[in-house]
Amino acid sequence: MSKKRILTGDRASGSLHLGHYVGSIINRLKLQEEYDCYFIIADYHAYTTLYEKPKEVRAASRSIFVDYLAVGLDPQKCTLFVQSMVPEHSELYLLFGMLVTIARAQRIPTLKDKLDDLHLEESLASLGLLGYPVLQAADILVYKADLVPVGDDQLSHLELTREIARRFNYLYGPTFPEPEALLSQVSRLPGLDGQKKMSKSLGNDIALMHSSEEVTERVRSMVTDPTKIRKSDPGHPEICTVHAFHRAFNPEGAEEIAAACRAGRLGCVEDKRNLGAFLNAFLDPIRTRRQELLTQPQRLAELLSYGCGKARRTAALTMAEVREKMQLGDHLFW
RNA sequence: AGGCCCGUAGCUCUAACGGUAGAGCGCCUGUCUCCAAAACAGGAUGUUGGGGGUUCGAAUCCCUCCGGGCCUGCCA
């Protein structure tokens, strides 16, 4: 009962890929054993940029939910839910919006990066995009989460969450914990191009839902060590994308492979063939489980509604308290 | 509510006076590589937001509709 609570999740902007897996999913599989975990599929967040594409967002939400189950997040151990199905998020976001100045929101460093990605001038950013970190604060605090697994790029968002919690507690009385970062060892997987991090929008990803043929094809297109021209040339595994994947998915064999590559005994073609086989061996059980789940729409619907219901009950408790403290709601009116 | 600006390839944009729709990036193919990358060679992509009009001829001018944006106002 005294388990600490965690909130984390994914924007519903695309299917999960191997970068998500090594970056956070694998960590969540452990966290669900020790903590009271809430895993959010953040479709409202997806709408901050994909508001013109509702079907894409819904397809992504569905695909992420099924993948959560397929990789082994267990609805008996953790709470899996979709953000928009818990309307308390939006109500708390609205109220938190009063506690944050425009200047403060504009000072979040990730906003600038996001605008660059979108080729947007700051003057063209939507109010929703500016409010993104405030919505995140609502996501976290509506469950009174104690811990938030974050990469260092998200620390500034968590800092805002803590400020909001502190300010709310000061103004209306102690209500929220100040959530702390749970810094996990960040193993970041590069994309197929070896340059940028793996991302669906860059098209350099291997999705959990890719077929084995697609995986083989994508591995074949990976960038390797450009100085290894001939098979017998000594390679540099530390700068080779294929090897980065070996280290992530085949840690036991990685050293031996590196040695063979350096010695010029291992060619890239063979190396890629081996990696493809490894990845497919890893993905096959996930594929099997996904296929099984997809034949049981009724069960999927039940699991989704179970998770959302559970999340909503928790969120409703917080909102009742927030309304009370902020003198809102009909039972206080007269 | 008024005023102004914009809409062209997946993205960023160029196309004087109305005169064969283009470039860069990205993408695909080939050569080269054990692969991939790089380099080189080649290729594709468009109802120029929709409709109407003027004209021998409209991305360009006019009308209209749709979509987007900026400014001013509406004592919210």
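Quantities reported herein were computed from a predicted structural model and do not represent experimental measurements. So you know, we letter chains A, B, ... as the sequences are listed, proteins then strands, and number each from 1.
Nucleotides B/G30 and B/A44 place their P atoms 16 Å apart, quoted to the nearest Å. Rounded to a whole angstrom, the distance from the P atom of B/U48 to that of B/G52 is 13 Å. For the C1' atom pair drawn from B/C32 and B/U14, the interatomic distance equals 35 Å after rounding to whole Å. Distance noted for atom P between B/G49 and B/C34: 49 Å (whole Å). Between B/C61 and B/U72, the two C1' atoms lie 30 Å apart (nearest whole Å). Separating the C1' atom of B/U60 from that of B/U55 is a span of 13 Å, rounded to the nearest Å. Nucleotides B/C25 and B/U31, compared at atom C1', are 23 Å apart to the nearest Å. Comparing the same atom, C1', in B/G22 and in B/A37 gives a spacing of 30 Å after rounding to whole Å.
Not one side-chain nitrogen or oxygen of A/R220 sits closer than 4.0 Å to the OP1 or OP2 atom of B/C35.
Between the NZ atom of A/K196 and the C1' atom of B/A37 there is a distance of 15 Å, given to the nearest Å. Protein atom CG of A/N274 is 13 Å distant from nucleotide atom C1' of B/C35, rounded to whole Å. Regarding A/D271, its CG atom lies at a distance of 11 Å from the C1' atom of B/C34, rounded to whole Å. As a whole-Å value, the separation of A/E52 CD from B/G10 P is 15 Å. One atom, CG of A/N204, and another, P of B/C27, lie 11 Å apart when rounded to the nearest Å. One can place NZ of A/K272 at 7 Å from P of B/A36, the figure rounded to the nearest angstrom. Taking atom NZ on A/K228 and atom C1' on B/C32, their separation rounds to 18 Å, with Å as the unit. Separating the CZ atom of A/R273 from the P atom of B/C34 is a distance of 16 Å, rounded to the nearest angstrom.
Within the model, atoms CG of A/L304 and CG of A/L80 stand 9.0 Å from one another, a figure rounded to the nearest 0.5 Å. For the atom pair A/L73 CG and A/I25 CD1, the distance stands at 6.0 Å (nearest 0.5 Å). Taking NE2 of A/H89 as the reference point, atom CG of A/L135 lies at 8.0 Å (rounded to 0.5 Å). Distance check, rounded to the nearest 0.5 Å: CD1 of A/I206 to CG of A/L18 gives 5.5 Å.
Residue-level contact check: A/S221 touches the backbone only, with heavy atoms under 4.0 Å from sugar-phosphate atoms and none from bases. Counting any heavy atom pair closer than 4.0 Å across all strands shown, A/D193 reaches no nucleic acid atom.
Inter-residue side-chain proximity for A/F245 and A/V219 is flagged as unmet; no heavy-atom pair is nearer than 4.5 Å.
In this structure, A/R28 contributes its side chain and A/G9 its backbone to a donor-acceptor pair below 3.5 Å.
Across A/Y143, A/F65, A/F39, a single residue satisfies ring-ring contact (aromatic ring centres under 6.0 Å, His included) together with A/F81, and that is A/Y143.
Not less than 6.0 angstrom separates the ring centroid of A/Y132 from the ring centroid of A/Y47.
Within residues 229-264 of chain A, the residues having any heavy atom under 4.0 Å from RNA chain B are, by residue number, A/I229, A/R230, A/K231.
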message: Both atom distances under 3.5 Å, Watson-Crick or G-U wobble: I'd like the secondary structure of RNA chain B as a dot-bracket string, with | for pairs made across strands.
response: (((((((..((((.....[..)))).(((((.......))))).....(((((..]....))))))))))))....
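Nearest to the side-chain atoms of A/V223 among the listed nucleotides B/A37, B/C34, B/C35 stands B/A37.
Sorted pairs that involve residues 300-309 of chain A and meet side-chain hydrogen bond (donor to acceptor under 3.5 Å, both in side chains), not counting sequence neighbours, are lacking altogether.
The aromatic rings of A/H243 and A/H246 sit tilted relative to each other, their planes meeting at an angle between 30° and 60°.
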